[in-house]
> 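Dropping a structure here in structure tokens format, bear with me for questions.
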Amino acid sequence: MRQLKGTLLNFLIITASVLFLIPALSADTFAVDTCIDCHKDKKFRIQDKKLFNYYNKWKGSIHDVAGVSCSDCHGGDSTRAKKEKAHPKNLSPTNISSMVFYKNIPKTCGKCHEKVYKNFIQSKHYKALEKAGKGPNCATCHGSLVTNVYYASIVSKTCASCHNQQTKNHPEIIKTAEQILQRLNVSRGYLKWASRHFKDSDKVELLKSINKLYQNISDSWHQFNFANTDENSRELLSELRTIFNETYNKEKKKKE
Ligand code: HEC
Ligand code: HEC
Ligand code: HEC
Ligand code: HEC
Ligand code: HEC
């Protein structure tokens, strides 16, 4: 009887722990992401508008969709439910050891965007950023939550904040930047077209080599060495146009 009582007691204890522990564990250890859980709270709309806006910008962004969360860029422990435990010590962007201190941003983004980072650290932008803090970092152009600068049409605005007649810092590069980006954009269109039309093996080989050329030029963008990128993007586009015209004319002749 005593043994049975013991077993019953054990059973009760185990059941109780299972009932209480599992929710406790899932709230604290298996939680999806405590940064998001807390920061998405609508109360911040009134209590802290800035905080609310950052969450809102992240929500639905390319990083959200790709599973990149607050802690990937800010650090901290996204399994802890309490703010004090979750937040890293160097949370504020004004703290020089913060992952988002302006000079540390390239390294933080570079964890995942390795190729861009490798090219960027060769640029005068990076050197100027490191030295006197005068160069742009990734967030200057992309926004901290990656919401701006992609298209030739809006690049000029971002660049012009530093490259203009007053600063005399290479104001002429804006026009070049627009042209390079436009060429890259049109090239992407041709490459898409070619991937649908090139079926023979020799054409597929050609396509492969041009894709590689495109990739190299696109990668070189973040070196901000336009002497190379300007010339190479011009050649790429002219080659693609020639190939397009040849193929298009041949197809047209066949149909006639
Ligand atoms: C339980 C709620 C809670 C959790 C969990 C939480 N935060 Fe916060 N966070 C806040 C509040 C409230 C603020 C406003 C400032 C303050 O009260 O410390 C804040 C501020 C911030 C700021 C702005 C800091 C500044 O100096 O302006 C960042 C960035 C931030 N949190 C990121 C994170 C990250 C990353 C995580 C997860 C690792 C996280 N938070 C987890 C509630 C939370
Ligand atoms: C892709 C990287 C990235 C992600 C993801 C990210 N942030 Fe940030 N965040 C930054 C950078 C860089 C800064 C600093 C530049 C600035 O102030 O905009 C910043 C600044 C902030 C600030 C302003 C702090 C201050 O005191 O000025 C807040 C608040 C913030 N982030 C909250 C969040 C929250 C909440 C999340 C998740 C929902 C998040 N961030 C996700 C990169 C990121
Ligand atoms: C934890 C990894 C991670 C971090 C940190 C990160 N990113 Fe991303 N980023 C991604 C992923 C994954 C994507 C989704 C598309 C892809 O695979 O390129 C993406 C997409 C992007 C894109 C769009 C690319 C495209 O081809 O449309 C840009 C621009 C970008 N990130 C810039 C940044 C910047 C700027 C920072 C720092 C403030 C940053 N990222 C930090 C992983 C990360
Ligand atoms: C001076 C402005 C500027 C700076 C600084 C900058 N970028 Fe960009 N970035 C651009 C522009 C413009 C494009 C679009 C290029 C194109 O159309 O091919 C781009 C494209 C990208 C892309 C998508 C294409 C690709 O090459 O993968 C990613 C990812 C990216 N940048 C990440 C970063 C990161 C990470 C940093 C910092 C290490 C950074 N950028 C610094 C302007 C900038
Ligand atoms: C935060 C300020 C800032 C922003 C924004 C900025 N730049 Fe710069 N840029 C600089 C500085 C500083 C230098 C270094 C100048 C030097 O050393 O001669 C530089 C140098 C360059 C150079 C090298 C010039 C040369 O011939 O040596 C290019 C190209 C360039 N930037 C392009 C751009 C483009 C394109 C944009 C916009 C997408 C842009 N920059 C946005 C500050 C900026």
Side-chain angles (χ1 to χ4, degrees), residues 27-151 154-155 157-159 161-162 181 218-224:
D28 216 47
T29 324
F30 303 125
V32 199
D33 185 322
T34 56
C35 318
I36 304 294
D37 279 355
C38 184
H39 277 265
K40 75 179 177 199
D41 198 320
K42 292 230 165 38
K43 74 181 180 207
F44 292 128
R45 191 201 289 263
I46 297 144
Q47 286 177 11
D48 193 333
K49 189 80 169 108
K50 186 176 178 188
L51 212 57
F52 180 77
N53 287 343
Y54 271 89
Y55 169 78
N56 244 14
K57 271 203 210 156
W58 170 82
K59 187 75 200 144
S61 70
I62 188 155
H63 284 131
D64 174 15
V65 172
V68 178
S69 174
C70 321
S71 53
D72 288 312
C73 293
H74 290 281
D77 185 348
S78 61
T79 66
R80 307 299 292 267
K82 284 221 168 76
K83 182 182 81 182
E84 293 73 15
K85 300 268 184 205
H87 282 171
K89 297 234 163 0
N90 49 10
L91 187 63
S92 168
T94 55
N95 181 325
I96 61 165
S97 72
S98 161
M99 282 171 74
V100 298
F101 181 65
Y102 73 112
K103 284 191 180 184
N104 301 339
I105 289 173
K107 202 169 161 211
T108 297
C109 311
K111 278 192 304 179
C112 301
H113 299 285
E114 286 171 53
K115 217 198 273 170
V116 174
Y117 180 68
K118 237 179 63 203
N119 284 300
F120 186 68
I121 57 179
Q122 296 171 41
S123 69
K124 283 196 179 161
H125 279 159
Y126 182 70
K127 290 187 180 105
L129 176 70
E130 284 280 284
K131 228 168 130 195
K134 294 238 167 86
N137 64 61
C138 320
T140 316
C141 294
H142 293 288
S144 51
L145 293 166
V146 186
T147 40
N148 25 0
V149 175
Y150 264 126
Y151 307 106
I154 54 170
V155 152
K157 255 202 188 135
T158 311
C159 314
S161 59
C162 299
L181 291 173
S218 168
D219 289 347
S220 72
W221 166 261
H222 285 98
Q223 289 175 14
F224 296 100

> Heavy atoms only: give me the nearest Ala86-Arg80 pair and the separation to one decimal.
CB-O, 3.5 Å

> Which residue pairs pass the ring-ring contact (aromatic ring centres under 6.0 Å, His included) test with at least one member in residues 49-71, sequence neighbours excluded?
Tyr55-Trp58

> In chain order, what residues pass the salt bridge (Lys or Arg N to Asp or Glu O under 4.0 Å) check against Lys157, with sequence neighbours excluded?
none

> Atom CG in Leu129, atom CD1 in Ile121: separation rounded to 0.5 Å?
12.0 Å

> Nearest 0.5 Å, what's the OG-NE2 distance between Ser123 and His222?
9.0 Å

> Test: salt bridge (Lys or Arg N to Asp or Glu O under 4.0 Å). Region: residues 86-114. Which pairs qualify, not counting sequence neighbours?
none

> Who are the side chain to side chain donor-acceptor pair (under 3.5 Å) partners of Asp77, not counting sequence neighbours?
Thr79

> Going by the salt bridge (Lys or Arg N to Asp or Glu O under 4.0 Å) test, which pairs reach into residues 129-148, not counting sequence neighbours?
none

> Please, which pairs that meet salt bridge (Lys or Arg N to Asp or Glu O under 4.0 Å) have at least one residue in residues 51-62, sequence neighbours excluded?
Lys59-Asp64

> Which distance, rounded to the nearest 0.5 Å, do you find between the OG of Ser144 and the CG of Asn137?
9.5 Å

> Fit a plane to each ring of His125 and Phe120, take the angle between them on a 0 to 90° scale, and name the class: parallel (under 30°), tilted (30 to 60°) or perpendicular (over 60°).
tilted

> Out of curiosity, Ser98 OG to Ile105 CD1, how far, rounded to the nearest 0.5 Å?
8.0 Å

> Which donor-acceptor pairs under 3.5 Å do side chains of residues 44-51 form with protein atoms, sequence neighbours excluded?
| residue | atom | partner | partner atom | Å |
| --- | --- | --- | --- | --- |
| Asp48 | OD1 | Leu51 | N | 3.3 |

> Got a sec, which residues hit salt bridge (Lys or Arg N to Asp or Glu O under 4.0 Å) with Lys115, two or more places apart in sequence or on another chain?
Asp219

> On a heavy-atom basis, which atom in Val100 and which in Leu91 lie closest, and how many Å separate them?
CG2-O, 4.4 Å

> For Asn119, give me all partners under side chain to side chain donor-acceptor pair (under 3.5 Å), at least two apart in sequence or on another chain.
Gln223

> Which residues pass the ring-ring contact (aromatic ring centres under 6.0 Å, His included) test with His74, sequence neighbours left out?
none

> Write down the atom of Cys70, the atom of Cys35, and the distance for their closest heavy-atom approach.
SG-CB, 3.8 Å

> Rounded to the nearest 0.5 Å, how far apart are CG of Asn90 and CZ of Phe101?
11.5 Å

> Mind checking side chain to side chain donor-acceptor pair (under 3.5 Å) for Asn95 and listing every partner two or more places apart, or none if nothing turns up?
Ser97

> Distance check, rounded to the nearest 0.5 Å: Thr34 atom OG1 versus His39 atom NE2?
8.5 Å

> Which heavy atom in Val68 sits nearest to a heavy atom in Asp72, and how many Å separate them?
CA-OD2, 3.4 Å

> Identify, with sequence neighbours excluded, every residue that meets side chain to side chain donor-acceptor pair (under 3.5 Å) alongside Ser69.
Asp33

> Aromatic rings Tyr117 and Tyr126: how do their planes relate, parallel, tilted or perpendicular, breaks at 30° and 60°?
perpendicular

